[in-house]
Amino acid sequence: MDKPNSVKGTATPYALATAGVLFASICFGFVPYFSRGLTDQGLAPYAVAFYRYILAAVVLLPALLKYRSNWREIVWGMVAGGVMGLGWVGYVTALETVPASTVGVLYMTYPVFTIVISWTLFGDRPTRRSIVAAGLIVTAAIIAGSPASVPADQILTLLVSLAAPFGFGFGICVLVHRLSRIAPLARIASVSLGSVIGLAPLILASEINEIQPKGGSDWFLIVGIGLITALIPQLIYTVCSPIIGATRTAVIGSIELPTMFAVGVLAFGEVITAAQAIACALILGAIAMTQSRSTRTVTTVISKEPER
């Protein structure tokens with residue numbers, strides 16, 4: 001288990017780092033608020049995804065250019081970003097009609113996809129504990145997304161939303177196995193730029209009313225989804241997660257799911273069902289149980305220093 005640095009004078013930085021990871025994780029949980037706000041105004045789901053990634057891609061482009069000699073790693077990062085960006089379209093689409101709490105539970109299945117992809121593509125065998133945790137997560141997804149819990153006409157939408165955790169799982173595997181030689185900011189930049197490029201054909205083929213913000217409130221939401229749910233929390237993770245370690249980052253980061261539940265209740269007037277509450281508890285329990293590198297998140301892996 002990761003232990004806090006016990007050297008005198010490091011207590012405050014450790015506490016600040018813990019608070020930073022907590023703050024960043026809560027920011028990630030606000031995605032449904034900005035996403036549904038934009039789709040309710042008529043923006044296409046892929047436009048919402050594009051706006052989430054474009055800011056980080058532009059701001060961090062200089063960090064990527066610094067490592068242009070590592071073009072193989074950059075290409076891998078862009079491929080991962082493209083898969084993640086396109087997968088995120090399914091997540092945004094589901095949030096248009098399905099309760100944020102239900103979509104949030106299915107989104108949190110990405111550790112399962114990470115385990116399967118890492119094992120099949122990169123030969124990274126899962127631990128027994130991670131397999132048990134994956135079983136709990138799958139059980140939670142079945143409970144939250146079963147016909148008994150959601151209307152029959154939403155099941156197909158929920159299945160499509162699984163493209164998002166699949167994309168995140170693939171992205172984590174690429175970050176772990178292919179991007180260790182470039183700096184953290186360059187990793188964020190390559191993934192963000194890949195997402196933008198992957199979504200660009202959909203943007204170019206769209207009608208202008210599907211992608212153009214319609215007023216000041218839309219621009220507020222666009223800036224919010226780019227800054228509050230992407231660039232700022234990613235940068236905070238990059239600084240803070242190495243200080244507190246992967247174990248505590250994973251556990252503290254699980255606050256993202258209850259935040260999604262809170263957004264659904266407070267912003268959209270949703271009612272949390274018993275099935276959703278049980279599913280949430282199972283996922284939080286799975287994350288807490290593993291307390292190891294098997295519960296990687298994209299941002300935790302991004303924050304690791306490059307290999308020499």
Side-chain angles (χ1 to χ4, degrees), residues 16-35 48-67 73-74 76-78 80-85 87-88 91-92 107-108 110 114 164-165 167-176 178-180 182-199 222-246 248-250 252-257 259-260 295-306:
L16 288 175
T18 301
V21 171
L22 179 65
F23 173 78
S25 301
I26 291 173
C27 287
F28 290 127
F30 274 96
V31 164
Y33 173 78
F34 296 100
S35 173
V48 176
F50 181 86
Y51 287 128
R52 185 180 186 227
Y53 292 109
I54 184 67
L55 185 61
V58 172
V59 171
L60 298 178
L61 184 59
L64 189 62
L65 294 177
K66 181 180 178 181
Y67 284 86
E73 287 80 6
I74 291 173
W76 268 107
M78 291 174 64
V83 174
M84 291 170 62
W88 209 70
Y91 175 72
V92 177
Y107 158 78
M108 294 298 287
Y110 68 83
T114 304
F168 286 135
F170 178 74
I172 291 170
C173 292
V174 170
L175 286 163
V176 170
R178 292 292 183 266
L179 301 190
S180 60
I182 59 177
L185 290 183
R187 296 170 204 169
I188 299 175
S190 65
V191 171
S192 300
L193 182 60
S195 299
V196 169
I197 292 174
L199 293 164
I222 286 172
V223 172
I225 202 169
L227 277 179
I228 298 174
T229 76
L231 180 60
I232 290 177
Q234 284 177 333
L235 293 177
I236 291 175
Y237 254 88
T238 299
V239 173
C240 295
S241 42
I243 297 175
I244 68 172
R248 288 174 176 80
T249 296
I252 294 171
S254 65
I255 192 67
E256 180 179 353
L257 182 57
T259 301
M260 292 181 187
T295 54
R296 298 179 178 112
T297 64
V298 171
T299 41
T300 301
V301 177
I302 281 176
S303 67
K304 295 165 67 178
E305 289 301 316

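Scored by the ring-ring contact (aromatic ring centres under 6.0 Å, His included) test, Phe50 finds no partners at all (sequence neighbours excluded). Residues passing the side chain to side chain donor-acceptor pair (under 3.5 Å) test with Thr259, sequence neighbours excluded: none.
Although no hydrogens or angles enter the test, the distance criterion places a donor-acceptor pair under 3.5 Å between the side chain of Ser192 and the main chain of Ile188. Formation of a donor-acceptor pair under 3.5 Å by the Arg187 side chain with backbone atoms of Leu175 is not found in this model.
Considering every non-hydrogen atom in both Gly171 and Met84, the closest pair reads CA-SD, 3.8 Å. Taking all atoms of both residues into account, the shortest heavy-atom contact from Thr229 to Arg52 is O-NH2, 2.6 Å. Of all non-hydrogen atoms in Tyr67 and Ile74, the two that sit nearest each other are O-CD1, 3.3 Å. Residue Leu199 comes nearest to Gly85 through the heavy atom pair CD2-O, 3.7 Å, listed as atom of the first residue, atom of the second, then distance. A pairwise comparison of heavy atoms in Leu64 and Ala189 identifies CB-CB, 3.8 Å as the closest pair. Taking each heavy atom of Ala63 and Ala186 in turn, the nearest pair found is O-CB, 3.8 Å.
Relative ring orientation between Trp88 and Tyr53 is described as perpendicular, the plane-to-plane angle rising above 60° on a 0-90° scale split at 30° and 60°. Taking the six-membered ring where tryptophan is involved, the planes of Trp76 and Phe170 are tilted, since the angle between them lies from 30° to 60°.
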*Does the pair Val191 and Val174 meet the rule for a side-chain contact (heavy atoms from CB on, under 4.5 Å), with working shown?*
CA-CA 10 Å; Val191 171; Val174 170; over 6 Å; no
*Might you work through the side-chain contact (heavy atoms from CB on, under 4.5 Å) test for Leu185 and Leu235, ending with a clear yes or no?*
CA-CA 8 Å; Leu185 290 183; Leu235 293 177; 3.4 Å; yes
*Should Val176 and Thr114 be marked as a side-chain contact (heavy atoms from CB on, under 4.5 Å) after you check the CA-CA gap, both sets of side-chain angles, and the distance that decides it?*
CA-CA 10 Å; Val176 170; Thr114 304; over 6 Å; no
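Rounding to the nearest 0.5 angstrom, the gap separating the CG atom in Leu193 from the CD1 atom in Ile54 is 8.0 Å. Distance check, rounded to the nearest 0.5 Å: CG of Leu227 to CD1 of Ile222 gives 12.0 Å.
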Report, one line per pair, each donor and acceptor closer than 3.5 Å where one atom sits in a side chain of residues 20-30; sequence neighbours left out.
residue, atom, partner, partner atom, Å
Ser25, OG, Val21, O, 2.8
Ser25, OG, Tyr237, OH, 2.8

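Other residues, nucleotides and ligands place more than 12 heavy atoms under 6.0 Å from the OH atom of Tyr91.
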